[in-house]
2 protein chains.
Amino acid sequence: MVDVAREAGVALRTVSRVVNQDSTVGPELVQRVRTAIATLGYRPDERARHLRLGVTGTLGAAVRQLSHVNPVLRAVERAARAADLMVLAASTEDDETLERHVVESMCRRRFDGIVLEPIGDDHGYLVPELEAGLSLVAVDRPVLGLDVDCVLSDNRSGIETAYRHLVRHGHDRIAYIGDDERIYTARERARAFRECVTAHGGTLDTMLHTGQVESGRIREAVRAALGGPAPATAIVTGNAQLSVEVLRHLGTDAVDVALIGFDDSELATLLRPDLTVIAQDTDAIGSTAIDMLRARIADPATEVRQVTVPVELIVRGSGEVPPGP
Amino acid sequence: MVDVAREAGVALRTVSRVVNQDSTVGPELVQRVRTAIATLGYRPDERARHLRLGVTGTLGAAVRQLSHVNPVLRAVERAARAADLMVLAASTEDDETLERHVVESMCRRRFDGIVLEPIGDDHGYLVPELEAGLSLVAVDRPVLGLDVDCVLSDNRSGIETAYRHLVRHGHDRIAYIGDDERIYTARERARAFRECVTAHGGTLDTMLHTGQVESGRIREAVRAALGGPAPATAIVTGNAQLSVEVLRHLGTDAVDVALIGFDDSELATLLRPDLTVIAQDTDAIGSTAIDMLRARIADPATEVRQVTVPVELIVRGSGEVPPGP
DNA sequence: ACCTTTCGAGATAACGTTATCTCAGCTTGG
DNA sequence: CCAAGCTGAGATAACGTTATCTCGAAAGGT
């Protein structure tokens, strides 16, 4: 910049003014500076700019896996772009240590705010950052033990809706195959399922299967649910990945068992019959997250909010298969 | 930092030394500084650090869609992490304007290097950045018209392998349904397919269908390929998304037509029969990209390289269906 | 003609780091 | 016992921006 100033024969400050489209600089000098910038190949350095300004115009997104389907992240990017903020994302790989590493890096880089898919139960490392003024919003799962903005899906009523839907279609023996209950969403959904079964006067015995998404476990879960003296006639799955695994192991039985999957996905309409799902409103989640984050950045004293976004039952066929004999 | 220094009763430089684990500071002062840091809640500011140091320890990844399955990006993150570099990613949404915006933002932030999935044919905006010392590596597609490091899959031999495989299984009428040929990979694959057909003395008539991935178009393509006086007995698809669409429209005919998909995916083993695919070596692509980028960052005079990574035929059943009567 | 306002542009001081230089106080070897 | 080396720590100057203050000159009002 100082070189540009010398080349154009103006003061440093004037170059800054031209770069920032300040109107208080005469057209002739503007031209001189412009050509100097071009000949010297000057590119402004945002690091210095951000240092001086205090803000970076950047939001961080720390998500489980960048390279996985994540419609919430897409909505987050869109909403941020609309607000002229850049989103830079990194994966936490479902690893608490890595999450901490990523979030702390973003803090040291002084991102204006962070959208986080929190992992695990201990987020104590966030306390000093929050005290130091970090703006944070959690999506998909809350930050347990900390009073932080968050946007969640209505997991419980999603499961309840699925359950009621199956009951209405005549099912009595309904199984749930879910993710590891150490994960918040899995815990919520499993809990809701238990309550549904109890409320309908049923028993859980072979009807509830949660644990890691691992092919062998899913195979056993499917076998247990469909075997025995009183086999399930319907299955609810805990997330999109589990729907895939369950379908894989159902094989040709898939047409005889009613199935409702949590999460909509591309393959839902690829199958015969098409997959009935509980769909999350990912667009709403993403844009709400950005709204809340912007509000907090604008005024750190904003009251902490926990927003729950409704889910929707999408009827496609697999959930309407009647119970067998 | 100056507050910490005052609190600890030491010089500014000493705080910096403690923060950076410099050994030339006495244990007593280290302790004093540590407690001062804790009581004041001091967090180092990487913006200033990077400004002073010149490097940022950060790589940018500009990819089509963060929130889509992208195993190359995963490999890129892994490899960068192993080299103690942080990857921050952003979506270009397959939009040339947005790509430029994203890349230029990363340049102004002085990222040490950028991994780019280039879009479109005009990357002129990169020229001044490259002259100013930008380290860039293109993945999946080359940067046309510019001499830039890149890592590509061997698209042509992938198509050739698929074609030969089908011929070996007795097919004679083989159709190709591909993506829009404005996209580099789609162009390469379609071209290779044309050459295969010509080399085998066939004609293209209803055998080649390229264009945007749009449900209606795919339906027509499938219908055209399988209809008429000499219907195709086998189909090769141009990417994973197209495999899904083609399967969707094949419906129950799926078992009678041999199918080989470009790109492996989760659903390949979900179907009956399982999907035979041409799989890209995404791990190799990602780690090679990071290797090349690191080499260029270390020495900007490194010779520009274009690396082609082999693809692999994975036989699963759908590609081994014999031709019908 | 003189005072006041307005406007364009320069000087200087931050922003929060680290590198370089300096220096005082020790050791150490002859 | 002193010069030479080492060692721990401070002073100062960058890195590349922008905000604030200042100032000269032109314009406008009485």
Side-chain angles (χ1 to χ4, degrees), chain A residues 1-37 40-58 86 104-112 129 132-134, chain B residues 1-37 40-58 86 104-112 129 132-134:
Chain A
M1 201 157 178
V2 63
D3 297 335
V4 173
R6 187 172 31 231
E7 170 84 13
V10 299
L12 191 59
R13 187 69 183 88
T14 302
V15 179
S16 172
R17 287 196 177 98
V18 172
V19 171
N20 291 289
Q21 325 236 33
D22 190 325
S23 61
T24 73
V25 53
E28 187 209 349
L29 286 200
V30 170
Q31 205 37 253
R32 286 230 304 272
V33 172
R34 287 259 163 76
T35 56
I37 286 177
L40 268 63
Y42 161 78
R43 6 235 71 228
D45 186 326
E46 292 278 349
R47 292 173 300 188
R49 183 152 194 279
H50 294 161
L51 178 60
R52 179 64 236 236
L53 255 48
V55 298
T56 56
T58 311
M86 177 160 203
E104 288 184 338
S105 285
M106 289 174 170
C107 289
R108 282 197 302 270
R109 277 157 224 261
R110 294 292 188 272
F111 284 6
D112 291 345
E129 305 292 357
L134 170 63
Chain B
M1 201 156 178
V2 64
D3 296 335
V4 173
R6 187 171 31 231
E7 170 83 13
V10 299
L12 191 59
R13 187 67 183 88
T14 303
V15 178
S16 171
R17 286 194 177 100
V18 171
V19 171
N20 291 288
Q21 324 235 33
D22 190 324
S23 62
T24 72
V25 53
E28 188 208 348
L29 286 198
V30 170
Q31 205 37 252
R32 286 229 306 270
V33 172
R34 287 258 163 78
T35 56
I37 286 177
L40 268 63
Y42 162 77
R43 7 234 72 229
D45 187 326
E46 293 276 349
R47 293 173 299 188
R49 183 154 194 279
H50 293 160
L51 178 59
R52 179 65 236 237
L53 257 47
V55 297
T56 56
T58 311
M86 178 159 203
E104 287 182 341
S105 285
M106 290 174 169
C107 288
R108 281 197 302 269
R109 275 157 224 261
R110 296 292 190 272
F111 284 6
D112 292 345
E129 304 293 356
L134 170 63

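Each chain gets a letter, A, B and so on, in the order its sequence line appears, and its residues count up from 1. For clarity, every value in this text was computed on a predicted model and none was experimentally measured.
- Note on R13(B): a base of the nucleic acid sits closer than 4.0 angstrom, heavy atoms only.
- Put simply, the side chain of R17(B) and the base of dG10(D) share a donor and an acceptor less than 3.5 Å apart.
- Using a 4.0 Å cut-off between charged side-chain N and carboxylate O, R108(A) and D45(B) make no salt bridge.
- Where G9(B) and Y42(A) meet DNA chain D, the nucleotide closest to each residue was compared, and G9(B) sits on the side nearer the 5' end.
- Base engagement by S16(B) is indicated by at least one non-hydrogen atom pair under 4.0 Å involving a base atom.
- Within the nucleic acid shown, V10(A) comes within 4.0 Å of sugar-phosphate atoms alone, with no base atom in reach, counting heavy atoms only.
- Atom CG of D45(B) and atom C1' of dC15(C) are 9 Å apart (whole Å).
- At the heavy-atom level, R47(A) lies nowhere under 4.0 Å from the strands shown.
- Note on R110(A): nothing from the nucleic acid sits closer than 4.0 angstrom, heavy atoms only.
- Residues T58(A) and D112(A) have side chains not in contact (no heavy-atom distance under 4.5 Å, counting atoms from C-beta outward).
- When the C1' atom of dC15(C) is taken as reference, atom CG of L12(B) falls 13 Å away, rounded to whole Å.
- Counting only heavy atoms from C-beta outward, the side chains of M1(A) and S16(A) approach each other to under 4.5 Å.
- L53(B) comes within 4.0 angstrom of the backbone, heavy atoms only, and of no base.
- Between Y42(A) and V19(A) the shortest side-chain heavy-atom distance falls below 4.5 Å.
- A donor and an acceptor atom sit less than 3.5 Å apart, one in the side chain of R52(B) and one in the base of dA14(D).
- Nucleic acid contact for L29(A): sugar-phosphate only, since backbone atoms but no base atoms lie under 4.0 Å from a heavy atom of the residue.
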